[in-house]
Amino acid sequence: MPKIVRKTSPYLRRPKANVTRMMRDVFIALLPVTIFAIYKFGMAAVMIISVSILSMMAAEYIYYQLVDKLDDEKFKWKNKSFTLYNFSTITSGLIYALILPDATPWFVVMIGAVFGVVFGKLIFGGLGQNIFNPAALGRVFIVVSFGTLMTFDVDTVAGATPLGVINDDIFNLALLSDFSIMNLFTGMAIPGSIGEMSVILILIGGAYLALRTSFEVRIPIAFIGTVALLAGAVAIYKGISYEYVLFHVFSGGLIFGAIFMATDPITSPITMPGRIYFGFALGFLTFIIRIFGAYPEGVMFAILIMNMFVSSFDYYKWTNSKITRRQKIIFSIVILLSIAVTLVGVSYV
Amino acid sequence: MIKKSKKVKDYKLLTKTLPTLRYLDPNSVFIHLQNSRCKTYDMFVKEGDHVCFGQKIGVRHGGFFDQPVHATVSGTIGKITRKLHRTGRKVDVVEIKNDFLDTPHESVIDRTDDVIGKMTQAEMVEIIKDKSLVGLGGSGFPTYIKLGTKEKINTIIINAIECEPYLSSDYRLILEHPEDVITGLKYIMQALNVDQALIAIKAMKNSLYEVLTQVLEVRFPELNIQVVKLGDYYPQGWEVEMFEQALGIRIPPGELPTKYGVIGFNVSTAVGVFVAIKHNLPVTKRHFTITGDAIKFPQNIYVRVGTSVKELIDLCDGFIEGEKNVVVVMGGPMMGTSVTSTDVIVTKATTSVIILKDVEYKEEQCVRCGSCVYSCPTHLQPVQIMNAVKRNDKDVMKGLNANECIECGLCTYVCTSKIHVTEYVRKAKKLIG
């Protein structure tokens with residue numbers, strides 16, 4: 001006669017839904033990009049990826065052992081709060097590695113990885129509590145601290161990335177004659193961060209995630225859509241070719257950031273409308289930083305800045321799980337205003 | 001798994017195709033004298049008295065209504081003891097020792113169709129009230145209050161959706177007694193003076209559609225009743241969701257559907273109306289499912305109200321072997337109550353008992369995937385309410401309308417991290433009262 005235990009309803013759970021599956025899917029979606037990076041950069045890519053993943057895992061392991069030590073707990077080799085089992089650290093490490101330039105020295109990779117995982121995730125209480133995307137935080141930290149060491153060592157056009165080239169004269173498409181849109185799309189023969197090269201492979205990863213419903217497809221669509229919209233407005237205003245739009249969309253890790261970093265559920269809003277607005281804000285900031293900022297690239301900064309505002313997207317007086325009429329009106333006005341702001345800015349440049 | 005997911009694996013195949021067993025009568029039945037709405041009661045009979053089948057033996061006093069208590073067998077009155085009710089609380093029950101004769105009480109007489117045809121709403125309400133019919137889908141709300149509404153009703157919907165997993169008693173009821181359902185609905189239509197009604201079923205239950213449309217065509221060609229197929233998701237059987245899908249009317253939280261000219265009855269309640277008006281009988285037997293993955297032979301049973309669940313479990317050969325712990329659930333596996341003993345009585349409003357293996361789900365950190373927000377049928381944000389409960393922030397709980405939650409359990413079901421979100425929302429509802 002079995003014992004009858006008391007529980008509370010519901011007594012069933014969705015089969016096959018768990019955090020590990022979600023994180024593992026991101027890892028699998030990154031594999032084509034990773035393989036392409038290794039094919040293209042060889043040992044440099046292998047070094048960056050392995051240093052990054054190993055140092056993130058080590059940092060997390062040591063951090064939790066230290067926390068246990070401070071709590072006067074007995075030393076155990078296997079720590080329970082430690083999230084290596086569910087792929088989240090490996091995934092962060094891989095994403096971080098893929099957004100680095102190929103000539104980054106190993107110690108810079110390590111410093112960024114440790115900084116990212118400790119200050120981006122562990123300090124806040126580990127998986128599920130972090131405010132910032134660890135990979136973006138690590139990347140921005142080393143850009144700001146070790147900028148001169150992060151050069152691109154590929155033997156094409158003197159090591160300059162497309163966005164780096166155009167940063168000096170943002171509307172002169174002639175400067176871009178070395179980068180064909182097709183090359184940007186396939187990732188052949190252009191320099192850049194090791195994983196951000198091939199748009200097509202990133203999109204394959206994104207399609208896999210969308211099929212497995214392991215990420216929120218609205219964020220990348222809103223993000224990329226906004227960049228395309230603003231670039232299109234500028235192109236029409238300046239009377240330049242539509243290639244300007246494609247160039248903005250396909251270059252500089254926009255698609256990589258939109259698919260693999262902006263969609264990190266922990267650092268994005270929780271409601272469906274909130275996620276659309278979040279994607280829009282990311283797109284706007286990215287574009288503004290790209291054309292007006294000192295750095296050629298804006299995706300990482302945009303992600304980090306918007307990460308800070310996630311809790312205000314989720315503020316209970318403003319959120320709603322459905323888009324209301326009022327929200328539609330306000331959102332349309334905001335879109336028009338952002339186009340206006342961009343064009344006013346462009347007329348001064 | 002970030003998506004709106006309302007599909008719940010339904011496990012109905014365990015019992016769906018099994019014909020209902022005519023259960024042998026128990027040696028004694030236990031009639032509950034209290035329930036969640038009625039705390040006090042009076043008895044008209046004392047220990048040792050002989051009572052007849054369908055006799056009124058007492059009355060329960062509720063806040064604004066009285067509920068007569070009827071004997072469901074004929075026999076001798078035993079002691080008043082305390083037993084578990086389907087709500088998980090102990091209530092006073094009176095034992096009736098069965099004499100297996102089913103001697104009907106003198107009030108139990110069949111009415112002819114002519115008599116019924118001339119009845120008015122008030123007369124019908126009086127009968128229903130006297131037979132203490134309540135919502136048999138599990139709510140237990142007195143039916144006479146619903147039937148006695150003064151609002152103008154345009155459409156009646158019979159809820160035959162049964163969206164909870166595992167349950168199949170309503171399915172079998174319609175398949176085996178479609179005429180009772182439709183006649184009951186006919187009486188309700190007559191009482192409310194409505195000429196249009198719908199029977200809502202799940203789209204996947206095509207056999208019900210065929211049975212009902214055939215019976216309607218052949219036996220009741222004069223009635224304007226349609227069978228509508230609604231979505232195969234959970235909680236389609238929630239009244240608000242059903243009205244929205246079937247008629248396109250969204251009833252705002254806190255308002256009664258009668259205000260919008262619609263009214264819903266469970267399919268078992270319709271049969272209850274039929275029995276009360278045609279045979280002048282209270283609900284003495286009901287279709288009942290006993291199922292789950294920890295019972296040997298899941299069954300549909302036509303069971304006497306007042307039977308102990310223990311006897312039903314024995315009838316199904318007991319629990320499966322090798323399980324250390326089991327969970328016994330009264331009602332469906334999404335919203336039912338877990339009880340601590342098998343010595344629970346079957347009341348009118350109990351649809352099923354489900355015996356499940358005790359699975360420990362490992363909770364992980366919330367990764368804010370938002371599945372609960374996407375899936376919530378009342379458009380709440382369960383995860384935000386959970387976080388507010390964790391920091392005891394009552395303003396936020398109120399601001400997020402936690403009290404609109406219907407406790408359907410979908411947020412826990414879909415949770416990627418296997419967190420028991422519903423429990424937190426329940427706590428929030430308690431905290432903000």
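Basis for what follows: all heavy atoms, side chains included, without hydrogens, waters or symmetry-related copies. Naming: A, B, ... by sequence-line order, numbering from 1 per chain.
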Name every donor-acceptor pair, under 3.5 Å, that has one atom in a side chain of residues 273-282 of chain A and the other anywhere in the protein, sequence neighbours excluded.
{"from": "A:Arg275", "atom 1": "NE", "to": "A:Pro269", "atom 2": "O", "distance (Å)": "2.7"}
{"from": "A:Arg275", "atom 1": "NH1", "to": "A:Glu216", "atom 2": "OE1", "distance (Å)": "3.4"}
{"from": "A:Arg275", "atom 1": "NH1", "to": "B:Cys369", "atom 2": "O", "distance (Å)": "3.2"}
{"from": "A:Arg275", "atom 1": "NH1", "to": "B:Tyr374", "atom 2": "OH", "distance (Å)": "3.0"}
{"from": "A:Arg275", "atom 1": "NH2", "to": "A:Pro269", "atom 2": "O", "distance (Å)": "3.4"}
{"from": "A:Arg275", "atom 1": "NH2", "to": "B:Arg368", "atom 2": "O", "distance (Å)": "3.1"}
{"from": "A:Arg275", "atom 1": "NH2", "to": "B:Cys369", "atom 2": "O", "distance (Å)": "2.9"}
{"from": "A:Tyr277", "atom 1": "OH", "to": "A:Gln327", "atom 2": "OE1", "distance (Å)": "3.4"}

Identify which part of [X] has an atom lying under 4.5 Å from any heavy atom of chain A, answering side chain, backbone, both or neither.
| X | value |
| --- | --- |
| B:Thr340 | both |
| B:Ser341 | backbone |
| B:Val329 | side chain |
| B:Val383 | side chain |
| B:Leu380 | backbone |

Go through [options] and name the one with the most non-hydrogen pairs under 4.5 angstrom from chain A.
| options | result |
| --- | --- |
| B:Glu407, B:Glu323, B:Glu364 | B:Glu364 |
| B:Cys366, B:Gly336, B:Ser417, B:Gly370 | B:Gly336 |
| B:Ile355, B:Val396, B:Val373, B:Leu400 | B:Val396 |

Examine distances only and state if a side-chain atom of [X] and a backbone atom of [Y] form a donor-acceptor pair shorter than 3.5 Å.
| X | Y | result |
| --- | --- | --- |
| B:Lys9 | A:Leu12 | no |
| A:Tyr316 | B:Ile385 | no |
| A:Arg6 | B:Ser338 | yes |
| A:Ser321 | B:His379 | yes |

Exercise. Verify side chain to side chain donor-acceptor pair (under 3.5 Å) between A:Arg14 and B:Ser375, making sure each step is shown before the conclusion.
Key: CA-CA 12 Å; A:Arg14 180 161 58 171; B:Ser375 306; over 6 Å; no
Quiz prompt | side-chain hydrogen bond (donor to acceptor under 3.5 Å, both in side chains) partners of B:Lys12, counting only residues at least two apart | solution =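 Partners of B:Lys12 under the side-chain hydrogen bond (donor to acceptor under 3.5 Å, both in side chains) test: none.
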Residue [X] excluded, over 12 heavy atoms near [atom1] under 6.0 Å:
| X | atom1 | answer |
| --- | --- | --- |
| B:Lys296 | NZ | yes |
| B:Lys310 | NZ | no |
| B:Lys390 | NZ | yes |
| B:Arg391 | CZ | yes |
| A:Phe124 | CZ | yes |

Quiz item: What part of A:Lys322 is in contact with chain B, defined as an atom under 4.5 angstrom from a non-hydrogen atom: side chain, backbone, both or neither?
Solution: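 Looking at A:Lys322, just its side chain touches chain B.
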Exercise. Tell me, for A:Asn320 versus chain B, whether the close heavy atoms (under 4.5 Å) come from the side chain, the backbone, both or neither.
Key: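 Contact with chain B: backbone only.
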Quiz item: A:Thr319 and B:Gln381: side chain to side chain donor-acceptor pair (under 3.5 Å), yes or no, with the steps?
Solution: CA-CA 9 Å; A:Thr319 51; B:Gln381 296 163 32; 3.2 Å; yes
Quiz item: After noting the C-alpha distance and the side-chain angles of A:Ile4 and B:Thr342, does the key distance pass the side chain to side chain contact (heavy atoms under 4.5 Å, CB included) rule?
Solution: CA-CA 8 Å; A:Ile4 297 167; B:Thr342 50; 3.5 Å; yes
Practice problem: Write down the atom of A:Tyr11, the atom of B:Tyr361, and the distance for their closest heavy-atom approach. | Solution: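 Shortest heavy-atom contact: O-OH, 3.8 Å.
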Practice problem: Hey, could you give me the CG/OG1 distance between A:Asn18 and B:Thr416, rounded to the nearest 0.5 Å? | Solution: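 A:Asn18 CG to B:Thr416 OG1: 8.5 Å, rounded to 0.5 Å.
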Self-check item: Distance (rounded to the nearest 0.5 Å) between A:Ile266 CD1 and B:Gln365 CD
Solution: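 It comes to 9.0 Å.
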Exercise. Identify which one of B:Asn325, B:Asp358, B:Thr337 satisfies the side chain to side chain donor-acceptor pair (under 3.5 Å) criterion when paired with A:Lys7.
Key: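 Single side chain to side chain donor-acceptor pair (under 3.5 Å) partner of A:Lys7 among B:Asn325, B:Asp358, B:Thr337: B:Asp358.
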Self-check item: Passing option when A:Pro10 is tested against B:Met335, B:Glu423, B:His420 for side-chain contact (heavy atoms from CB on, under 4.5 Å)
Solution: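 With A:Pro10 as partner, side-chain contact (heavy atoms from CB on, under 4.5 Å) holds for just one option, B:His420.
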